[in-house]
Amino acid sequence: MRYGIIKVATAVPTVKVADCVSNIKEIESLIAQAEGQGAEIIVFPELSITGYTCQDLFRQQLLLDATENCVMQLLEFSRQLDIISIVGAPIVAGDLLLNCALVIQRGKILGIVPKTFLPNYNEFYEKRWFASSQDLRPQEFRYAGHPVSITPAPQLFRTGDGVIFGVEICEDVWAPTPPSNHLTLAGADIIFNLSASDELIGKHDYLKSLLCQQSARTISGYVYSSAGFGESTQDVVYGGNALIYEDGRLLAEGERFSLESQLVTAQIDVERLRSDRRSNTTFVNAQRRMINEDVHVEKAEAAAMPHDFVLERYIHPHPFIPTESDMQKSCEEIFNIQVMGLAKRIVHTHAKTVVIGISGGLDSTLALLVCVKTFDKLKLDRKGIVGVTMPGFGTTGRTHRNAVSLMQTLGVDIREVNISKAVLQHFEDIGQDADVHDVTYENSQARERTQILMDLANKLGGMVIGTGDLSELALGWATYNGDHMSMYAVNASIPKTLIKYLVKYVAQTIDEKSASTLYDIIATPISPELIPADDNGNIQQKTEDLVGPYELHDFFLYHFLRNGFSPRKIFMLAKKAFGENMPPEEGVGRYSDEVILHWLKTFCRRFFNQQFKRSCLPDGPKVGSVTLSPRGDWRMPSDAVSALWLDEVEKLAPKAE
């Protein structure tokens with residue numbers, strides 16, 4: 001495991017019912033393939049050495065002896081291998097025949113896990129042949145030439161890299177309280193399931209839903225292998241399901257109804273799972289009922305890392321943006337959250353109006369659209385929305401035209417207050433040279449605009465609607481007590497990369513003239529417009545030239561906050577998502593390692609240094625899993641030191657020859 005990521009495999013061998021010798025050769029072949037691909041743990045189907053459909057042959061001593069001999073062969077085969085293999089076999093323990101999972105590595109049996117819940121319905125009559133782990137008493141005996149122990153208590157296994165995993169068998173996960181509940185609460189990062197589930201109409205979708213929910217509920221990886229081609233089709237058919245989940249997300253799946261053996265691999269991010277568990281108070285509270293003494297811990301032999309680490313997972317470059325298939329539904333849901341939040345605040349405060357500064361940029365456009373939707377939902381006259389355009393030294397004709405045009409087509413009350421004279425007077429009052437375009441020059445304009453909005457809201461009996469977004473809050477790209485402040489901030493948890501998709505969503509459903517304006521706003525470079533335009537009247541101050549590409553910063557922010565990743569890991573993921581050698585992907589920039597590192601350092605520095613602005617944010621609705629509200633999601637001291645994070649970024653930089 002490197003970067004907290006482990007590669008796992010699920011295998012579905014073709015089987016010959018009751019032909020243990022043939023089956024073990026197929027199992028060994030798949031283990032060798034998985035080892036060659038760098039997998040660290042591999043799981044096979046239930047009773048994979050004999051085949052699941054042996055029926056009354058399970059009572060034959062000859063079959064049981066053949067199974068044990070094949071396990072001895074497998075142990076010898078695995079002696080020089082680092083990979084941990086989990087195979088299914090019938091095992092006699094005292095007077096009981098048990099349906100078991102054998103956990104094997106480097107010629108040793110690390111543990112034996114018996115099945116707990118045995119089906120006894122339809123075509124499944126396991127209780128005819130097997131006993132449950134609930135019938136078992138702890139005992140020791142020799143198996144395959146090795147002393148082994150077996151217990152009804154749940155078992156945890158730990159790899160040499162510290163990954164903890166547990167095992168359950170088929171029907172166990174269908175039970176009301178699966179063993180995996182107990183195992184994950186006791187610390188298992190990953191659950192491996194050896195299964196033999198037949199195919200029925202609708203069952204596959206239900207199975208996937210079940211595994212998806214179980215991995216999400218337990219915040220774990222879930223690796224599932226089910227019997228496939230070669231099992232008896234006397235009454236039912238086995239499709240050979242190979243599925244790998246991580247916290248409710250399907251990472252990989254095999255081909256159902258394949259006539260050949262399958263090997264499916266995926267990388268599970270254990271560090272992310274552990275971070276989520278620490279943050280999830282429900283999961284933590286559920287652990288209180290655990291009696292750790294009931295869980296037997298086996299330590300797997302430390303595995304060497306013979307392969308160079310290669311990140312094989314797809315890394316979404318824009319983690320905040322919904323997939324194309326979910327875009328419309330997600331945008332509608334986001335608007336509903338924003339609208340409901342603002343509607344409640346308007347009703348509660350008995351506000352007669354809302355006042356909003358309209359710049360012609362994306363943020364204020366989205367906030368205005370939220371106001372319009374809210375007023376429509378409350379059946380209020382849109383003239384109660386007071387849109388204020390406040391041209392200053394850096395305002396361009398393009399943004400001003402778009403601001404006015406949009407307000408006109410949306411039918412809101414339009415006000416215009418030119419701030420130039422007031423700001424010049426302020427410069428004179430404080431002794432600021434108007435030709436010096438420093439931070440005072442810029443912030444004075446932002447604070448003047450906020451003063452106008454606040455005073456106008458008082459005059460009209462309304463509230464100021466904030467327009468700033470999540471990305472700006474993360475970077476501190478807001479003027480303290482300027483655009484940083486409002487009476488309700490509807491965009492506070494919307495990242496910059498998502499805003500244009502929300503505006504585009506509205507543009508596709510609105511009148512033609514408004515849509516035309518919205519599309520031009522989307523195409524306008526992002527800028528605070530606090531520095532005068534160039535000689536041709538074009539925007540000269542472009543935000544992304546100063547603080548870096550927002551798609552990079554949103555990527556950094558997501559993995560820093562949502563997953564708690566270190567700069568080292570974020571850099572590794574960013575190279576995969578944005579690197580110069582990445583496959584072409586529409587709408588995604590490509591950046592060299594040096595550029596990614598440069599802006600990662602900027603992100604770490606600004607995120608820590610600008611916390612004081614986030615410690616006193618106005619109220620606003622939470623939309624996604626990541627937000628920076630100081631009252632809930634992100635509580636950080638304003639004087640926290642960034643040295644650890646910046647030092648790690650420095651260590652990532654290539655050394656000069």
Side-chain angles (χ1 to χ4, degrees), residues 1-11 30-43 78 80-86 105-106 157-165 189-190 192 220-223 244-247 249 251-252 263-276 299-317 319 552 555-556 558-560 562-583 585 590-597 600 645 647-655:
M1 179 176 69
R2 290 184 60 189
Y3 296 101
I5 295 172
I6 184 172
K7 187 171 184 178
V8 297
T10 169
L30 289 166
I31 291 173
Q33 291 178 48
E35 168 89 357
Q37 293 178 26
E40 296 177 54
I41 310 174
I42 183 172
V43 63
S78 70
Q80 302 302 318
L81 302 180
D82 294 312
I83 190 170
I84 297 171
S85 303
I86 309 171
Q105 185 190 37
R106 283 191 170 272
F157 301 87
R158 188 188 304 271
T159 72
D161 292 324
V163 176
I164 302 173
F165 66 92
D189 303 302
I190 304 172
F192 292 88
S220 65
Y222 203 99
V223 187
I244 303 176
Y245 286 88
E246 177 188 287
D247 193 13
R249 293 187 306 120
L251 299 183
L263 179 67
V264 177
T265 63
Q267 292 176 326
I268 292 177
D269 195 331
V270 173
E271 181 182 355
R272 176 182 174 274
L273 294 173
R274 291 174 177 174
S275 174
D276 277 2
K299 189 177 188 304
E301 186 173 322
M305 293 295 297
H307 307 279
D308 292 334
F309 177 80
V310 177
L311 182 64
E312 298 173 355
R313 295 161 60 103
Y314 172 74
I315 304 300
H316 200 308
L552 282 182
F555 183 89
F556 301 154
Y558 179 87
H559 291 290
F560 182 84
R562 178 68 178 81
N563 299 322
F565 289 163
S566 67
R568 176 174 173 266
K569 186 164 183 177
I570 293 173
F571 177 54
M572 182 270 295
L573 297 175
K575 287 195 295 182
K576 176 78 171 184
F578 299 103
E580 292 177 303
N581 298 322
M582 64 173 239
E585 186 170 343
R590 295 188 181 192
Y591 305 96
S592 67
D593 291 0
E594 291 75 18
V595 169
I596 294 173
L597 271 178
L600 179 57
W645 289 262
D647 286 349
E648 184 161 284
V649 175
E650 290 291 345
K651 291 175 182 176
L652 294 170
K655 303 299 183 219

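Along the sequence shown, residues are numbered consecutively beginning with 1.
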Leu273 side, atom CG; Glu246 side, atom CD - distance, nearest 0.5 Å: 5.0 Å
Which of these, Ile31, Val8, Thr10, sits in a side chain to side chain contact (heavy atoms under 4.5 Å, CB included) with Ile42? Ile31
side-chain contact (heavy atoms from CB on, under 4.5 Å) between Ile5 and Lys569, worked out: CA-CA 10 Å; Ile5 295 172; Lys569 186 164 183 177; 4.0 Å; yes
Salt-bridge test for Asp269 and Arg249: reply yes if a basic N is under 4.0 Å from a carboxylate O, no otherwise. no
Rounded to the nearest 0.5 Å, the CZ atom of Phe560 sits from the CG atom of Leu600 at a distance of 10.0 Å
Nearest 0.5 Å please: distance from the NZ atom of Lys651 over to the CG atom of Leu597. 14.0 Å
Minimum heavy-atom separation for Leu263 and Ala11, please, with both atom names. CD1-CB, 4.1 Å
Check Arg274 with Glu271, please: is the shortest side-chain N to carboxylate O separation under 4.0 Å? no
Side chain to side chain contact (heavy atoms under 4.5 Å, CB included) test vs Ile41 passes for just one of Val223, Ile86, Ile83, namely Ile86
Judged by atom type as modelled, is there a donor-acceptor pair below 3.5 Å linking the side chain of Ser220 to the main-chain atoms of Tyr222? no
Can you check whether Lys576 reaches Arg313 side chain to side chain, under 4.5 Å on heavy atoms? no
Output yes when a side-chain donor or acceptor of Lys575 lies under 3.5 Å from a complementary backbone atom of Ile596, and no otherwise. no
Determine, step by step, whether Asp276 and Arg562 satisfy the side-chain contact (heavy atoms from CB on, under 4.5 Å) criterion, reporting the C-alpha distance in whole Å, the side-chain angles of both residues, the deciding distance to 0.1 Å, and the verdict. CA-CA 8 Å; Asp276 277 2; Arg562 178 68 178 81; 2.6 Å; yes
Is Glu648 reaching over with its side chain to a backbone N or O of Arg568, donor-acceptor style, under 3.5 angstrom? yes
Minimum heavy-atom separation for Ala577 and Ile315, please, with both atom names. CB-O, 3.8 Å
List the atom of Ala574, the atom of Phe556, and the distance in Å for their closest heavy-atom pair. CB-CE2, 4.2 Å
Between Pro319 and Phe555 the two heavy atoms that sit nearest each other are CD-CD1, 4.0 Å
Can you tell me how the ring of Phe165 sits relative to the ring of Phe157, calling it parallel under 30°, perpendicular over 60° and tilted otherwise? parallel
Taking the side chain as every heavy atom from C-beta outward, state whether Tyr3 and Leu573 have any atom pair closer than 4.5 Å. no
With a 3.5 Å distance limit and no angle check, can you tell me whether Glu312 reaches the backbone of Ala266 through a side-chain donor-acceptor pair? no
CZ-CG distance between Phe571 and Leu652, expressed to the nearest 0.5 angstrom: 6.0 Å
Looking only at atom types and distance, does a side-chain atom of Ser275 sit under 3.5 Å from a main-chain N or O of Asn563, one as donor and one as acceptor? yes
Could you measure the distance from the CD1 atom of Ile570 to the NE2 atom of His559? Nearest 0.5 Å is fine. 7.5 Å
Centre of Phe565's six-membered ring, under 6.0 Å away, within 45 degrees of the axis: is that where NZ or CZ of Arg272 sits? no
So do the side chains of Ile6 and Gln267 get within less than 4.5 Å of each other, counting heavy atoms only? no
Can you measure from CG (Leu552) to CZ (Phe578) and round to the nearest 0.5 angstrom? 5.0 Å
Which atom of Ile268 lies closest to which atom of Leu251, heavy atoms considered: CG1-CD1, 4.0 Å
Using atom types as modelled and distance alone, determine if a side-chain donor or acceptor of Glu40 lies under 3.5 Å from a backbone N or O of Met1. yes
Between Ser592 (side chain only) and Val595 (backbone N and O only), is there a donor and an acceptor less than 3.5 Å apart? yes
